[in-house]
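Structure first, then comments.
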Amino acid sequence: MANPNLLNATSIYGKNVTVSADGSLNTVLTCATDKLIKIISITVHNDNESNGWGHVYLNDKQIAGGGSNNPPVGGLYTLGSFYLTEAQTIKFQGIGSGIDCVISYEEIDDA
């Protein structure tokens, strides 16, 4: 589904995936070759770690998260919508016990 015609979609499923920080760079979502994924939002939240942080990567390029305390304690940041095409990935790396990442997305198929 390299260049899908969205008008011919046969199924659209709403899904969510959640990951908690563990210090490692983890692949959270990979688009299959026969699908298209529309990212609705990616939210990273810091509930209690004063020195925690969370970074989001699209195809190994950092697209969110910055300094050593991002998001700040009790804060969050949210990325808006975009598409993942075949073999593209979203990865998350976080440090701190209270850092979580939630991705809401639609998986689209035209089979």
Checking [X] side chain against [Y] main chain: does a donor-acceptor pair fall under 3.5 Å?
{"X": "Thr10", "Y": "Asp109", "result": "yes"}
{"X": "Asn59", "Y": "Thr89", "result": "yes"}
{"X": "Asn26", "Y": "Val28", "result": "no"}

Close side-chain approach of Cys101 and Thr43, heavy atoms under 4.5 Å: no

Steps toward side-chain contact (heavy atoms from CB on, under 4.5 Å) verdict (Tyr83, Leu6): CA-CA 12 Å; Tyr83 290 100; Leu6 295 178; 3.6 Å; yes

Residues which pass salt bridge (Lys or Arg N to Asp or Glu O under 4.0 Å) with Lys15, listed by chain and number, not counting sequence neighbours: Glu107

Derivation of the side-chain contact (heavy atoms from CB on, under 4.5 Å) call for Ile37 and Glu106: CA-CA 6 Å; Ile37 293 177; Glu106 295 174 346; over 6 Å; no

Evaluation steps, side-chain contact (heavy atoms from CB on, under 4.5 Å), between Tyr57 and Gln93: CA-CA 8 Å; Tyr57 298 83; Gln93 181 178 23; 3.8 Å; yes

side-chain contact (heavy atoms from CB on, under 4.5 Å) between Asn16 and Ile103, worked out: CA-CA 6 Å; Asn16 297 301; Ile103 302 174; over 6 Å; no

Roughly how far, to the nearest 0.5 Å, is the [atom2] atom of [Y] from the [atom1] atom of [X]?
{"X": "Asn70", "Y": "His55", "atom1": "CG", "atom2": "NE2", "answer": "6.5 Å"}
{"X": "Leu29", "Y": "Phe92", "atom1": "CG", "atom2": "CZ", "answer": "14.0 Å"}
{"X": "Ile12", "Y": "Lys35", "atom1": "CD1", "atom2": "NZ", "answer": "12.0 Å"}
{"X": "Ile95", "Y": "Trp53", "atom1": "CD1", "atom2": "CH2", "answer": "4.5 Å"}

Let me check something: do [X] and [Y] share a hydrophobic cluster, defined by ILVMFWY side-chain heavy atoms less than 4.5 Å apart, either directly or through other members?
{"X": "Val19", "Y": "Leu79", "value": "yes"}
{"X": "Ile63", "Y": "Val102", "value": "no"}
{"X": "Leu58", "Y": "Ile39", "value": "yes"}
{"X": "Tyr77", "Y": "Ile99", "value": "yes"}
{"X": "Ile40", "Y": "Phe82", "value": "no"}

No-hydrogen, no-angle side-chain donor-acceptor test under 3.5 Å, Ser20 and Asp100: yes

Partners meeting side-chain hydrogen bond (donor to acceptor under 3.5 Å, both in side chains) with Asn8 (sequence neighbours left out): none

Of Val17, Thr78, Ile90, the residue whose pairing with Ile42 passes side-chain contact (heavy atoms from CB on, under 4.5 Å): Ile90

Nearest non-hydrogen partners of [X] and [Y], listed with the distance:
{"X": "Val44", "Y": "Pro71", "answer": "O-CG, 3.7 Å"}
{"X": "Ala21", "Y": "Gly96", "answer": "CB-O, 3.4 Å"}
{"X": "Ala9", "Y": "Ile108", "answer": "CB-CG2, 3.8 Å"}

